[in-house]
Amino acid sequence: MPDTPEDHLSGFVIAVDGPSGSGKSSVSKQVARSLGYGFLDTGAMYRALTWWCLEQGVDLTDQDAVITTAERFPLSIGTDPDAPTVTVGGTDVAAAIREPRISTNVSAVAAVLPVREILRVLQRRLISKAGRATGGVVAEGRDITTVVAPDAPVRILLTASQEARLARRSKELHGAADAGAVAATRSQVVDRDRADSAVSEFTVAADGVTTIDTSHLDFQGSVEAVLQVVEAARA
Ligand SMILES: Nc1ncnc2c1ncn2[C@@H]1O[C@H](COP(=O)(O)OP(=O)(O)OP(=O)(O)O)[C@@H](O)[C@H]1O
Ligand SMILES: Nc1ccn([C@H]2C[C@H](O)[C@@H](COP(=O)(O)O)O2)c(=O)n1
């Protein structure tokens, strides 16, 4: 019988979850580079679907319309950590999916449970494809350790205090982490996490998931902490 992603994932899978601004995306990408593995940013998939719904004029409060759009979602996503690509219907949306209008609306799309199931199947396929191509993959998001790849040999919850996460995102968006910049960033971190928590648990590690608190680590320290967990799992 042919292998399907529903049966088991191909390659060595490193699953990483965590709240907004914890460093999941940047740290996972660097870990994938270090190991010569693929990298899957599942948040980019939810963002791309949100972009596509808005492009199609779909009312995001109409869950049936969002589900129908997800069922015919012409997504193509690359898993090379040095050249991550996201296209929808042939349009490069890598920059557009980072715009505030997407960040503001993505949680509404991610809250639709049948949409999550559609993306889960797609994500397992992408993980297996990347795993076959490079021997392994680092996949990050909010439900990778628990729902998408609970069978991964390495599962990590990458976290940090709210203060640290706000400061990081604030520096990234506004170039500073003073009170004004942090206040301007708060909704992007705190409100989005609150909305996303309704459908995924990404603040408390599930059984068998290793928590790495990066509050007092710099970027390289966070990468090394993840690599140590990977090494221990392989020993
Ligand atoms: N340990 C760290 N110390 C300091 N800055 C960090 C650390 N890890 C990541 N950063 C920086 O914090 C910012 C947020 O990181 P990143 O985008 O990877 O977070 P994320 O968890 O993927 O967030 P989101 O879920 O909102 O996309 C980036 O500018 C990144 O370079
Ligand atoms: N596995 C995932 C990944 C992402 N989401 C949702 C929740 C986020 O608000 C949004 C964008 O993700 P980000 O780019 O900030 O990592 O996508 C999810 O529900 N499950």
Side-chain angles (χ1 to χ4, degrees), residues 15-32 39-51 53 70 77 81 84 86 93-94 96-113 115-124 126-127 138-150 155-177 181 185-203 212-226:
V16 180
D17 285 327
S20 178
S22 58
K24 303 177 297 297
S25 181
S26 50
V27 170
S28 297
K29 198 185 289 179
Q30 187 55 35
V31 167
F39 163 69
L40 182 64
D41 175 351
T42 61
M45 298 172 70
Y46 284 96
R47 287 172 178 273
L49 178 57
T50 305
W51 179 89
C53 286
I77 184 161
V86 194
V93 297
I97 62 172
R98 305 293 162 192
E99 288 171 7
R101 73 185 181 109
I102 304 298
S103 301
T104 306
N105 285 300
V106 65
S107 297
V109 171
V112 183
L113 296 182
V115 163
R116 301 193 69 80
E117 177 55 17
I118 291 165
L119 290 194
R120 183 189 72 84
V121 171
L122 198 53
Q123 285 157 4
R124 281 184 71 89
L126 287 161
I127 289 169
V138 188
E140 58 90 7
R142 305 291 193 289
D143 62 349
I144 311 304
T145 62
T146 52
V147 176
V148 176
R155 293 185 296 148
I156 292 170
L157 182 72
L158 200 69
T159 188
S161 66
Q162 183 171 293
E163 189 189 8
R165 293 184 290 109
L166 277 169
R168 287 174 191 170
R169 188 56 18 107
S170 177
K171 274 189 201 144
E172 188 184 25
L173 295 177
H174 307 289
T185 310
R186 187 167 283 275
S187 75
Q188 287 230 17
V189 173
V190 181
D191 296 351
R192 193 148 60 88
D193 277 350
R194 191 179 302 119
D196 295 335
S197 291
V199 284
S200 305
E201 174 55 88
F202 51 81
T203 54
I212 299 177
D213 184 345
T214 69
S215 305
H216 304 292
L217 297 177
D218 64 10
F219 176 74
Q220 197 49 38
S222 301
V223 172
E224 277 158 22
V226 172

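Order of listing sets the numbers, starting from 1, for every ligand and every atom in it. What you see below is based on every heavy atom in this structure, not just the backbone, and it leaves out hydrogens, waters and symmetry mates.
- The proximity of E140 to ligand 1, defined as any non-hydrogen pair under 4.0 Å, does not occur for either the backbone or the side chain.
- At a 4.0 Å heavy-atom cut-off, ligand 1 does not touch A160 at all.
- With a 4.0 Å cut-off on non-hydrogen atoms, R98 touches ligand 2 through its side chain and not its backbone.
- At a 4.0 Å heavy-atom cut-off, ligand 1 does not touch R165 at all.
- Of the heavy atoms in Q188, none comes closer than 4.0 Å to ligand 1.
- Every atom of ligand 1 is numbered from 1 in the order shown, and the set under 4.0 Å from a heavy atom of L217 is 1 (N), 2 (C), 3 (N).
- With contacts defined as side-chain heavy-atom distances shorter than 4.5 Å, the pair Q30/F219 qualifies.
- Between the S170 side chain and the A176 main chain, a donor and an acceptor come within less than 3.5 Å of each other.
- The single protein non-hydrogen atom nearest to atom 24 (P) of ligand 1 is R169 NH1, 3.6 Å, given as residue, atom name and distance.
- Among protein heavy atoms, the minimum distance from atom 19 (O) of ligand 1 is reached at G23 N, 3.2 Å.
- Surrounding CD of E163 are at most 12 heavy atoms belonging to other residues, nucleotides or ligands under 6.0 Å away.
- Residue contacts with ligand 2 leave out R169, since none of its heavy atoms falls under 4.0 Å from the ligand.
- Looking at ligand 1, you'll find an N or O of S26 within less than 3.5 Å of one of its N or O atoms.
- Looking at D143 against ligand 2, both its backbone and its side chain come within 4.0 Å, counting heavy atoms.
- Of all protein heavy atoms, the one lying nearest to atom 4 (C) of ligand 1 is R168 NE, 3.5 Å.
- Under 4.0 angstrom from ligand 2, the non-hydrogen atoms of R116 all belong to its side chain.
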Is there a side chain to side chain contact (heavy atoms under 4.5 Å, CB included) between S103 and R47 once you walk through the steps?
CA-CA 7 Å; S103 301; R47 287 172 178 273; 3.1 Å; yes

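- The shell of residues lying under 4.0 angstrom from ligand 2, judged by heavy atoms, excludes E140.
- Close N/O approach between R47 and ligand 1 is not found [any backbone or side-chain N/O within under 3.5 Å].
- Of all protein heavy atoms, the one lying nearest to atom 7 (C) of ligand 2 is D196 OD2, 3.1 Å.
- Heavy atoms from both the backbone and the side chain of K24 come within less than 4.0 Å of ligand 1.
- Using a 4.0 Å cut-off between heavy atoms, S22 contacts ligand 1 through both its backbone and its side chain.
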